[in-house]
There are 2 protein chains.
Amino acid sequence: MSVPYVCMNMKTAASDIAKPRLSAKRIIAAAAAVADRGGLDAVSMRTVAKQLGVEAMSLYYHVKNKEALLNALANWVVVQFYVPDSTKNWREEMHRSAASRRAVLTAHPWGIGMIESRGTAGMVVPRHHDAILGCLYSAFDVRMAAHAFSLLDAYIYGFILTEVNLPFAPGEGHETEMAVALDLDALPNMRRMVTELMVTGEYSYTAEFEIGLDLILDGLERFAHEGIAQSG
Amino acid sequence: MSVPYVCMNMKTAASDIAKPRLSAKRIIAAAAAVADRGGLDAVSMRTVAKQLGVEAMSLYYHVKNKEALLNALANWVVVQFYVPDSTKNWREEMHRSAASRRAVLTAHPWGIGMIESRGTAGMVVPRHHDAILGCLYSAFDVRMAAHAFSLLDAYIYGFILTEVNLPFAPGEGHETEMAVALDLDALPNMRRMVTELMVTGEYSYTAEFEIGLDLILDGLERFAHEGIAQSG
DNA sequence: ACCTGAACACCGTTCAAGT
DNA sequence: ACCTGAACACCGTTCAAGT
């Protein structure tokens, strides 16, 4: 009478380890794993299927096509972003939100190029934007919140975009690689920056990101209080 | 004895109109034309060849492979950017540089995703960066110029990235499309922004871009004069 | 020197067929 | 219901062959 018990255990174990059944969720997770390992170019219906020990055509029973899979993959990234809370301090929430996006997108460098490039199919990205906007409403009027949203969004994604696509990692003595890769002899201004700032080892992407973010946040506060007309 | 003259003329004319001979330059221009028409996904060795009235394999005599062609295409975009002059007013130069990049990249929306995504092969992008940095040196010390570069670069590319990838064009009464595409009923904060700002027709991407840019430039000037330690 | 045809290994996708 | 094999039209790329 212990037989059924054991059997069920074994069946469960087998279906968890060997072939736990296909599903949209598992397919998306597999696609993310493939992208983490080999970049977005490595993601094909065949490689994702192989990751799951299955044939490529099997995927089509669970996802409509590759386009739909990539949209789902973009959402898989965005749902990991921290969602700002409009009842808390807006500035701290913007910091938290920005840092979260940067953490997620540096962990999955293929994500940034996907979130913006595909026409944001689905509601995940819009809902995230809506939460950020709501948080900004707690500090600014609608017009100023629109400025703040545009500015913050552009800076955050722009910073992450360049950070993620750099051919070398910062710090850790990669300056020589950098010098070789860039032929710094022909770039006097960059050479000066590298030798005076980066070689000392004090350069940090995290610190740079925060400095820019704070400068923008300071500017937004000042802007909101002083009004627009002054820089003309 | 007029025969040779006529013949040469006809040969030249024929080779200019029908088959002007293949070259790397013509291949890159053809690739840009294909991308302008159908996006980056439409660029294949076969479509580019067809654009030139030639077979796909012919391209390999002039370009090493598709990777090299795409790198050349990225450079084709970047060389159109205005190069800031470090002897002129740095603020105006940053404006001009930013506006130029935005103009070029909105004219060729496939460009932005390419400049950052490929490891900036070649010296075109680094040289452009070097010129910007040199212009910033005319106003700031090295450390501050590095902050300014990082901030401006992130904002400019981030803004263009989101502008270029929006599923609808601004103004021109696209609000209803936007409402349908985004299901604004589920996005109260965005709905408020759209109804109060965009429907009035006063929203302009160019204006928004300039407002953010000026806020950053103001902040950089202030930052440089007051020093860093105050926001902690 | 410059272009091409045939061939190879890949890709997304469909559809009839298996269980 | 869920997975697969065969097939199709597309890729990038090589290489021997044409002129």
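In what follows, chains are A, B, ... by sequence order, proteins preceding strands, each numbered from 1.
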So if I take every side-chain heavy atom of A:Val54 and compare against C:dT4, C:dC2, D:dT4, which nucleotide ends up nearest?
D:dT4
Closest to side chain of B:Met57, choosing from D:dC3, D:dA6, D:dT14:
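Among D:dC3, D:dA6, D:dT14, the one nearest the side chain of B:Met57 is D:dT14.
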With sequence neighbours left out, what residues match [X] under side-chain hydrogen bond (donor to acceptor under 3.5 Å, both in side chains)?
| X | value |
| --- | --- |
| B:Tyr61 | none |
| B:Asn65 | none |
| A:Glu67 | A:Arg118 |

To the nearest Å, give me how far apart [atom1] ([X]) and [atom2] ([N]) are.
| X | N | atom1 | atom2 | value |
| --- | --- | --- | --- | --- |
| B:Glu55 | C:dA7 | CD | P | 15 Å |
| A:Leu22 | D:dA1 | CG | C1' | 13 Å |
| B:Arg21 | D:dT19 | CZ | C1' | 13 Å |
| A:Leu69 | C:dT13 | CG | C1' | 14 Å |
| A:Leu52 | D:dC3 | CG | P | 10 Å |

All salt bridge (charged side-chain N to carboxylate O under 4.0 Å, His left out) counterparts of [X], not counting sequence neighbours:
| X | result |
| --- | --- |
| B:Arg37 | none |
| A:Arg102 | A:Glu163 |
| B:Asp130 | none |

A:Asp36: side-chain contact (heavy atoms from CB on, under 4.5 Å) partners, not counting sequence neighbours:
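A:His108, A:Trp110.
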Dot-bracket for DNA chain D, please, read 5' to 3', with Watson-Crick or G-U wobble pairs under 3.5 Å on both distances, ( ) within the strand, [ ] crossing, | other strand, . unpaired.
||.|||||...|||||.||
Need to verify one output field. Residue with the more 5' nearest nucleotide on DNA chain D, A:Tyr61 or A:Ser58?
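So the residue in question is A:Tyr61.
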Sub-3.5 Å donor-acceptor pair from the side chain of A:Ser97 to the main-chain atoms of A:Pro84, do we have one?
no
Taking only side-chain nitrogens and oxygens of A:His62, does any of them come within less than 4.0 Å of OP1 or OP2 of D:dC3?
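It does, given that an N or O in the side chain of A:His62 lies less than 4.0 Å from OP1 or OP2 of D:dC3.
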A:Phe159 side chain reached by B:Leu151 side chain, heavy atoms, under 4.5 Å
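Side chain of B:Leu151 against side chain of A:Phe159, heavy atoms only: no contact under 4.5 Å found.
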Taking only N/O atoms, report every protein-nucleotides 8-12 of chain C pair under 3.5 Å with atom names and distance.
from   : atom 1 : to      : atom 2 : distance (Å)
C:dC11 : OP1    : A:Ser44 : OG     : 3.3
C:dG12 : OP1    : A:Met45 : N      : 3.3
C:dG12 : OP1    : A:Lys66 : NZ     : 2.9
C:dG12 : OP2    : A:Met45 : N      : 2.9
C:dG12 : N7     : A:Arg46 : NH1    : 2.5
C:dG12 : O6     : A:Arg46 : NH2    : 3.3

